[in-house]
Amino acid sequence: MNLRVRVQPRATRNALKPWQPDEWKLFLTAPPVDGKANEACIEFFARGLGIARSRVRIVSGHTARQKVIALESISEADVRTLAGISETTANVQPTQRAAAESNRGNRQR
């Protein structure tokens, strides 16, 4: 499966979130220098999905924030699980989900 991601380097934590209907946002703590963010990207998917690093590769966007990641033998459901998205929220648009999560966080304070 090919996955379109927009990378946000120097984030406070590593995480994967829905961004656009066919794109994800990948937050990485690594800086975007000397290929460290690319290595962190590969490591994030390999560890998170429990697959070998050789089954994860950057197809395009080596020096850009927009990347296409090839994940061998992985389904979209596996990616949604990695991002912490349940089947009940899978059909909700990313912007609606972000607003709901933001509201939920405000009510808990």
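All values below were derived from every heavy atom in this structure, side-chain atoms included, with hydrogens, water molecules and symmetry-related copies excluded. Computed from a predicted structure; not experimentally measured.
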* Do you know which two heavy atoms are closest between W19 and W24, and how far apart they sit? -> CB-C, 3.7 Å

* What's the shortest heavy-atom distance between A46 and V56, and which atoms? -> N-CG2, 4.0 Å

* To do: Measure the shortest side-chain to side-chain distance between V5 and K25 over non-hydrogen atoms and say whether it is less than 4.5 angstrom.
  => no

* To do: For side chain to side chain contact (heavy atoms under 4.5 Å, CB included), just list the numbers for Q8 and L26, CA-CA rounded to whole Å, side-chain angles, deciding distance to a tenth of an Å, and then say yes or no.
  => CA-CA 6 Å; Q8 176 66 53; L26 178 60; over 6 Å; no

* What distance do R6 atom CZ and E23 atom CD have between them, rounded to the nearest 0.5 Å? -> 7.5 Å

* To do: Kindly indicate whether the side chain of L16, heavy atoms from C-beta on, has any atom under 4.5 Å from the side chain of V79.
  => yes

* Asked: Which atom names give the shortest non-hydrogen contact between P32 and A37, and what distance separates them?
  -> CA-CB, 4.0 Å

* To do: With rounding to the nearest 0.5 Å, note down the distance linking CZ in R10 to CZ in F27.
  => 16.0 Å

* Asked: Between CG of L49 and CD1 of I74, what distance do you get to the nearest 0.5 Å?
  -> 4.5 Å

* Could you walk me through whether I51 and S73 pass side chain to side chain contact (heavy atoms under 4.5 Å, CB included), step by step? => CA-CA 9 Å; I51 59 176; S73 305; over 6 Å; no

* **Partners passing salt bridge (charged side-chain N to carboxylate O under 4.0 Å, His left out) against E43 (at least two apart in sequence or in another chain)** => R47, R53

* **Heavy-atom donor-acceptor pair, D78 side chain to S75 backbone, under 3.5 Å** => yes

* Asked: For the residue pair S54 and E72, what are the closest heavy atoms and their distance?
  -> O-OE2, 4.1 Å

* Please report the shortest heavy-atom distance between K36 and P31, naming the atom on each side. => CB-O, 3.6 Å

* In sequence, state the C-alpha distance, the side-chain angles, and the governing distance for N38 and H62, and then conclude on side chain to side chain contact (heavy atoms under 4.5 Å, CB included). => CA-CA 7 Å; N38 287 342; H62 293 346; 4.2 Å; yes

* Asked: Can you tell me how far CZ of F45 sits from CG of L3, rounded to the nearest 0.5 angstrom?
  -> 5.0 Å

* **Euclidean distance, N2 CG relative to K67 NZ, rounded to 0.5 Å** => 14.5 Å

* To do: Quick one: pull up CG in N14 and CG in L28 and give me the separation to the nearest 0.5 Å.
  => 5.0 Å

* Spell out, yes or no, whether M1 and L82 are grouped together once hydrophobic residues are joined by side-chain heavy atoms under 4.5 Å, including indirect joins. => yes

* Non-hydrogen atoms of A15 and R13 that approach each other most closely -> CB-NH1, 3.1 Å

